[in-house]
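Computation of the quantities below employed the complete heavy-atom set of this structure, encompassing side-chain atoms and omitting hydrogens, waters and symmetry-equivalent molecules. In the text below, chain A, chain B and the rest are named by the order of the sequence lines, each starting its count at 1.
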Amino acid sequence: MVMEIVCPAGTPAALRAAVKAGAHTVYCGFNDETNARNFPGLNFDRSEMREGIRFAHAHGAKVLVAINTFPSAGNEALWHRAVADAEACGADAIILADIGLLDYAARHHPGQRRHLSVQAAAANADMINFYAGTFGVKRVVLPRVLSVPEIAAINAETGVETEVFVFGGLCVMAEGRCSLSSYVTGRSPNMNGVCSPASHVDYHEENGVLDARLGGYTIHRTGNGESAPYPTLCKGCFGAGEKAGHLFEDPVSLNAEKLIPQLHKAGVTALKIEGRQRSRSYVAQVVRNFRAAVDALEDGRPLPEGMLAGLSEGQAMTTGAYKKTWR
Amino acid sequence: MSVATQPIPIFPPTAAIPLRAMPLAPLSLALTAACRRISRAHPGLIRRLGEHDHCAFALDPTDLPVVLLLEPNGGVPRLRVMRGEVASDARISGPLAALIGLVHGAFDGDALFFSRDLVISGDTGAALALRNAVDDAELDLAEEFSAMTGPLAAPMRRIFAMAERRTGVALTRPEEAGTW
Ligand code: SF4
């Protein structure tokens, strides 16, 4: 079976670009704290969501609505409303992370297909089977900490579909459990849908040297001619003991396009592209590339050579944990 | 649609000389009129700016001796061409071709930023909101300006097309590649 390409859309224009570029499926979210890409100027209001889903369906593509942050106490109604509205808009599935919200959706919207977000950090078959048995989860987005053999082992022990990230920004922690951003900005992906939010970012350039700061702290300093990273905390430069450098992760992007055949063999159903914060031109180019790759795989042709390096953070790529030994 | 990977063209310095001395008020008036027309036709632009819809954005083409100051004013925008120091809440600097290409989706904003062809200073959240709002609007500046000239629209379109071929600057929205 053809592997499904699951593409990001931060705006209706990006959704249309992704569908036209060959996305089988697009994921997006409402313009509030219910989705983990709550960035300024991004996301969909209710009527944009309804129209976006109608457009995708008319072109044979599916839409998944990410409601994948963790409801804050006393404010659960915002998340409940998002679940109801996604269903009313015609979403093909909702992507959830919070156990309470999964339970709510399973009880009140049993007909709505449910996927488990990467934010739930379900990294072994027992956990995935629990979510499937208890909340009827049909697909799990695997955290970006697993190797290909580990993914194969999971697929051997579960009937739940698996979706893995193949391209885009890396979140190196067990997702849903990283609070680095909270320490510096008071806002985190888990609660507010933003990691290292733009409202706390500022850049300062002097004599070609660019300082990228988060919450007033310099996270990166790049010299003349070097590529500029976004000051995401886990990809910053820190000093520890005698050493200074990228303590957690280099500011690089994930690109697992060469691993597509292995991921296919490992039983993966869907390939996910990160980047709802990126432009429609980025989305179109990445989608086209990956769609060509999975179609080639399906037809038994060699995979086309990638050409996406210029689009990535730090303009450098990694195959991430799929082939990685950790520091 | 594809992301341009070729080097970004720089505005010829000799062609930029008139901007050093010419009166800028008529240009500002024309650009403000165009901006208002665009914001009426694309209400999502202002909506997507959200809490930033009263910020002042300095758009700084580094190959021109002027800065464009964009003030959305909650839906009654003003766009002024200015020389010298321009105070703003957020500033986006880069070659004119990069700024226009960004509007037309010929470039990816993050990629230009990573490569440092584009530099952001001031309120990064506001700059991001503007970038995202513009990206969603799928604008075609040449088309918007041509349409404003009434009966002259057709020759204007031809002039823009010729200027685009000569300069390599994406003055119009690039043709989308065929649907998959
Ligand atoms: S700081 Fe890094 S690891 Fe933590 S949530 Fe942000 S991107 Fe993920």
Enter the distance from L128(B):CG to Q277(A):CD here, rounded to the nearest 0.5 Å.
9.0 Å
Exercise: identify the closest heavy-atom pair between Y230(A) and F114(B):
N-CE2, 4.3 Å
Exercise: identify the closest heavy-atom pair between N132(B) and T11(A):
O-CG2, 4.1 Å
Does CD in E298(A) sit with more than 12 non-hydrogen atoms of other residues, nucleotides or ligands closer than 6.0 Å?
yes
When you compare the side chain of T124(B) with that of Y203(A), does any pair of heavy atoms fall below 4.5 Å?
yes
Under 4.5 Å to a heavy atom of chain A? For L49(B) that would be neither
Ignoring hydrogens and geometry, is there a side-chain-to-backbone donor-acceptor pair from D135(B) to R280(A) under 3.5 Å?
yes
Identify the heavy atoms of H52(B) and P40(A) that sit nearest to each other, and give their distance.
NE2-CB, 4.1 Å
Rounded distance (nearest 0.5 Å) linking atom CG of D202(A) with atom CD1 of I120(B):
11.5 Å
Between D108(B) and Q285(A), is there a side-chain heavy-atom distance shorter than 4.5 Å?
no
Which heavy atom of T222(A) sits nearest to which heavy atom of R116(B), and what is that distance?
O-NH1, 3.5 Å
Can you tell me if R83(B) has over 12 outside heavy atoms packed within less than 6.0 Å of its CZ?
yes
Does any heavy atom of chain B fall under 4.5 Å from the side chain of L15(A), the backbone, both, or neither of them?
neither
Contact part of N31(A) toward chain B, heavy-atom cut-off under 4.5 Å: side chain, backbone, both or neither?
neither
